[in-house]
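Nothing here was measured: the structure is a model prediction, and the numbers come from that model.
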Amino acid sequence: MLLGGAGAFGYSRREELDRWWWRYSGAAAPRVEGEVDHGGAEWIPASGANLRRASRPRDFGIDRVVVHMPEATYDVTLRVFQDPSHRASTHYVVRSEDGHVAQMVRELDVAYHAGNRAFNERSVGIEHEGWADQPEYLTEAMYRSSATLVAGICARHGIPVDRDHIVGHREVPEVVRVCPGSAWDWDRYIELVRSERDALG
């Protein structure tokens, strides 16, 4: 009886150690250079200094999408996240004019986008070209492209399409930001994401 109990305890401890090993070992899921998570996205990689390699959702569950506005143009935003001294990045950047999507960090990995470690680990970040006080950047093309992108993220990771799980950067705890700004139409955006998510089945 004692031996059986010890064996069961040892097995249970081994399972627990296996889970923690995968979380902290630095073991990365297999990946192909240039592969993207969102169909149609252009792969433009951020500097490796601005992210942490991971194996999400195996090591960190993904349950949030964070909406950003970089206070910069699309091209400048890409250059900033490719600069290793910047120490920040994002998973995606959406261009205002036509809704073109660049993927800079795989969803597997942790991008330094939220200014909050726990949120970085649990979320996918999306930058939308423009300035919070310049609503002319919020084009129909950008909204629709971003909604399609977010619907796919929610489908892949089982994220509910609601304002508790799709949030603005200013709503991240311990972060003082205004983005995406007061002009961002949350009601319309969530409706667009929900419609795109429903279309995916």
Side-chain angles (χ1 to χ4, degrees), residues 37-38 40-42 44 46 50-51 62-83 86-105 107 109-157 159-197:
D37 298 296
H38 175 67
E42 179 184 7
I44 303 177
N50 299 339
L51 59 100
I62 300 172
D63 66 358
R64 296 288 189 279
V65 175
V66 181
V67 173
H68 298 267
M69 189 159 276
E71 306 289 309
T73 64
Y74 174 84
D75 292 335
V76 167
T77 302
L78 297 180
R79 287 201 301 273
V80 165
F81 293 143
Q82 290 177 314
D83 178 354
H86 189 64
R87 304 301 294 171
S89 62
T90 191
H91 293 92
Y92 297 98
V93 181
V94 183
R95 192 161 59 201
S96 172
E97 178 184 8
D98 56 4
H100 179 74
V101 177
Q103 182 164 6
M104 304 198 76
V105 178
E107 290 173 20
D109 296 326
V110 177
Y112 301 153
H113 67 95
N116 176 301
R117 179 173 178 165
F119 256 77
N120 284 341
E121 290 170 350
R122 73 189 300 180
S123 66
V124 173
I126 305 172
E127 293 279 359
H128 298 80
E129 178 184 18
W131 283 259
D133 62 352
Q134 296 184 36
E136 60 268 26
Y137 277 91
L138 302 177
T139 64
E140 181 73 11
M142 175 186 277
Y143 271 125
R144 290 194 174 276
S145 176
S146 179
T148 301
L149 169 61
V150 173
I153 293 166
C154 290
R156 282 190 289 281
H157 301 289
I159 303 172
V161 179
D162 59 38
R163 285 288 284 116
D164 291 327
H165 296 85
I166 302 171
V167 302
H169 193 189
R170 65 183 176 185
E171 297 167 284
V172 173
E174 303 169 15
V175 170
V176 180
R177 296 284 293 176
V178 298
C179 78
S182 59
W184 186 270
D185 190 339
W186 280 109
D187 290 340
R188 177 170 172 245
Y189 184 63
I190 294 297
E191 184 179 330
L192 286 170
V193 176
R194 192 169 288 129
S195 175
E196 292 288 335
R197 177 65 186 90

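- When the side chain to side chain donor-acceptor pair (under 3.5 Å) test is applied to S123, the partners found at least two apart in sequence or on another chain are H113.
- From E127, atom CD reaches atom CG of L78 across 10.5 Å, with rounding to the nearest 0.5 Å.
- At least one side-chain heavy atom of I153 sits less than 4.5 Å from a side-chain heavy atom of R156.
- The shortest non-hydrogen separation linking A147 to L192 is CB-CB, 3.6 Å.
- Remark: R79 is not positioned above the aromatic ring of F81, lacking an NZ or CZ atom under 6.0 angstrom from the ring centre and at most 45 degrees off the axis.
- The ring of Y143 has its center closer than 6.0 angstrom to the ring center of W184.
- The side chain to side chain contact (heavy atoms under 4.5 Å, CB included) with Y92 is formed by just one residue from the set V101, V150, V65; it is V101.
- In this structure a side-chain-to-backbone donor-acceptor pair under 3.5 Å is present from N50 to D83.
- Minimum heavy-atom separation, A102 to I44: CB-CD1, 3.9 Å.
- Of all the heavy atoms in Y189 and S146, the pair that sits closest is OH-OG, 2.6 Å.
- In this structure H157 satisfies the side chain to side chain donor-acceptor pair (under 3.5 Å) test together with E107, sequence neighbours excluded.
- The backbone N or O of A114 lies less than 3.5 Å from a partner atom in the side chain of N120, making a donor-acceptor pair.
- More than 12 heavy atoms of other residues, nucleotides or ligands shown are found within 6.0 angstrom of CD on Q134.
- In this structure a side-chain-to-backbone donor-acceptor pair under 3.5 Å is missing from T139 to E97.
- Side-chain N or O atoms of R194 include one that pairs as donor or acceptor with a backbone N or O of V161 at under 3.5 Å.
- Within the structure, every pair that satisfies the side chain to side chain donor-acceptor pair (under 3.5 Å) test and touches residues 159-176, not counting sequence neighbours, is listed here: H68-H169, D162-H165, R163-E171.
- Y74 approaches V94 most closely through the heavy-atom pair CD1-C, 4.2 Å.
- Contact between G168 and P180 at its shortest, heavy atoms only, is CA-CD, 3.8 Å.
- M104 pairs in a side chain to side chain contact (heavy atoms under 4.5 Å, CB included) with only one of the listed residues (E42, H91, Q82), which is Q82.
- Note that the CD atom of E121 and the CD1 atom of I62 stand 11.5 Å from one another [nearest 0.5 Å].
- At a cut-off of 3.5 Å, with distance as the only test, no side-chain donor of H38 or Q103 sits close to an acceptor on the other residue.
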Does V93 form a side chain to side chain contact (heavy atoms under 4.5 Å, CB included) with E129? I'd like the steps, not just the answer.
CA-CA 7 Å; V93 181; E129 178 184 18; 5.6 Å; no

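- Here the closest non-hydrogen pair linking C154 and P160 is SG-O, 4.4 Å.
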Could you walk me through whether M69 and L138 pass the side chain to side chain contact (heavy atoms under 4.5 Å, CB included) check?
CA-CA 10 Å; M69 189 159 276; L138 302 177; 3.3 Å; yes

